[in-house]
Novice: 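A single structure is presented below for examination.
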Amino acid sequence: MICIPITAKTQAKAVQQIERSLSRADILELRMDLILDGDLNTLIKSCRSYKIPAKILVTNRRKESYPVGESSDEWQRIALLKEAVGLGADYVDIEIYTPEPLLKEVLSMAAAHGNRTRLIVSHHDFDGTPSIESLKSVFHDCVRFGGSV
């Protein structure tokens, strides 16, 4: 399975990346944290425009400069993921360190839409590979939240 991330800085360039990638990808990952003026509805429609449409994964990563917490930035980030569920994205990626009430909102929204959108609960360590004990702990935390992947 091939997943191609769409990481352009503008909506117009993202649509171009989508058009170039559709014939090659099984999944297109819309990195909404990187597409500065991205309109999710338009981008999803572009992904679905090919005769054999790719699956759509929507990611909206937390900016490293933002503290983990329920700030307005977190609410806006999660609102976009909930919008993705409403628009029928196949997958939504949410980080395990998202505040639990917000994570549960996305899960509830997916359930309210018949679980068409599968939730990926993810963890990223950019400093190295954690110990096996740490990895097991992260895995169990991810499973506890009820994500699909």
Novice: Out of curiosity, Ile132 CD1 to Ser137 OG, how far, rounded to the nearest 0.5 Å?
Specialist: 11.5 Å
Novice: Test of understanding: clusters of I, L, V, M, F, W, Y form through side-chain heavy atoms closer than 4.5 Å, transitively. Do Leu34 and Ile94 belong to the same one?
Specialist: no
Novice: Is any side-chain heavy atom of Glu105 closer than 4.5 Å to one of Met109?
Specialist: no
Novice: Picking from Asn60, Leu30, Asp33, Thr59, what satisfies side chain to side chain contact (heavy atoms under 4.5 Å, CB included) with Leu80?
Specialist: Asn60
Novice: For Gln11 and Ile35, which heavy atoms make the closest approach, and how far apart are they?
Specialist: N-CG2, 4.0 Å
Novice: Evaluate the criterion side-chain contact (heavy atoms from CB on, under 4.5 Å) for residue pair His123 and Tyr97; output intermediate values, then yes/no.
Specialist: CA-CA 8 Å; His123 166 76; Tyr97 298 114; 3.2 Å; yes
Novice: Tell me, do Lys82 and Val85 make a side-chain contact under 4.5 Å, heavy atoms counted?
Specialist: no
Novice: For Ala54 versus Arg48, what's the shortest heavy-atom pair and its separation?
Specialist: O-NH1, 3.7 Å
Novice: Between Lys55 and Arg118, is a side-chain contact (heavy atoms from CB on, under 4.5 Å) present by the stated rule, with each step listed?
Specialist: CA-CA 11 Å; Lys55 301 271 187 199; Arg118 298 182 69 198; over 6 Å; no
Novice: Taking the side chain as C-beta and beyond, is there a heavy-atom pair between Ser21 and Glu29 under 4.5 Å?
Specialist: no
Novice: Can you check whether Met32 reaches Val58 side chain to side chain, under 4.5 Å on heavy atoms?
Specialist: yes
Novice: Can you tell me how far the CG atom of Leu107 sits from the CG atom of Asn115, to the nearest 0.5 Å?
Specialist: 8.5 Å
Novice: Salt bridge or not between Glu133 and Lys136? Use side-chain N to carboxylate O under 4.0 Å.
Specialist: no
Novice: Does the side-chain contact (heavy atoms from CB on, under 4.5 Å) test come out yes or no for Ile27 and Met1, once each step is laid out?
Specialist: CA-CA 8 Å; Ile27 300 174; Met1 185 167 289; 3.5 Å; yes
Novice: Return the minimal non-hydrogen interatomic distance between Ser49 and Leu22, and the atom names on each side.
Specialist: OG-CD1, 3.9 Å
Novice: When rounded to the nearest 0.5 angstrom, what distance separates NE2 in His140 from CG in Leu135?
Specialist: 10.5 Å
Novice: Over all heavy atoms of both residues, which pair between Leu28 and Cys47 is shortest? Give the atoms and the distance, please.
Specialist: CD1-SG, 3.7 Å
Novice: Donor-acceptor pair, distance only, cut-off 3.5 Å: does the side chain of Thr117 make one with the backbone of Ala89?
Specialist: yes
Novice: Output the distance between atom OG (Ser46) and atom CD (Gln16), rounded to the nearest 0.5 Å.
Specialist: 11.0 Å
Novice: Evaluate whether atom CZ of Arg116 has more than 12 neighbouring non-hydrogen atoms of other residues, nucleotides or ligands under 6.0 angstrom away.
Specialist: yes
Novice: Could you go through the side-chain contact (heavy atoms from CB on, under 4.5 Å) check for Asp93 and Leu57 one step at a time?
Specialist: CA-CA 7 Å; Asp93 184 335; Leu57 162 60; 3.9 Å; yes
Novice: Locate the shortest heavy-atom distance separating Ala8 from Ala14; write the atom from each residue and the value.
Specialist: CB-N, 3.4 Å
Novice: Would the distance check show the side chain of Glu95 and the main-chain N or O of His124 forming a donor-acceptor pair, the cut-off being under 3.5 Å?
Specialist: no
Novice: Please answer: with hydrophobic residues joined when any side-chain heavy atoms are less than 4.5 Å apart, are Trp75 and Val92 in the same cluster?
Specialist: yes
Novice: Check Leu87, Ile18, Ile6 against Leu43 for a side chain to side chain contact (heavy atoms under 4.5 Å, CB included) and give me the one that passes.
Specialist: Ile18
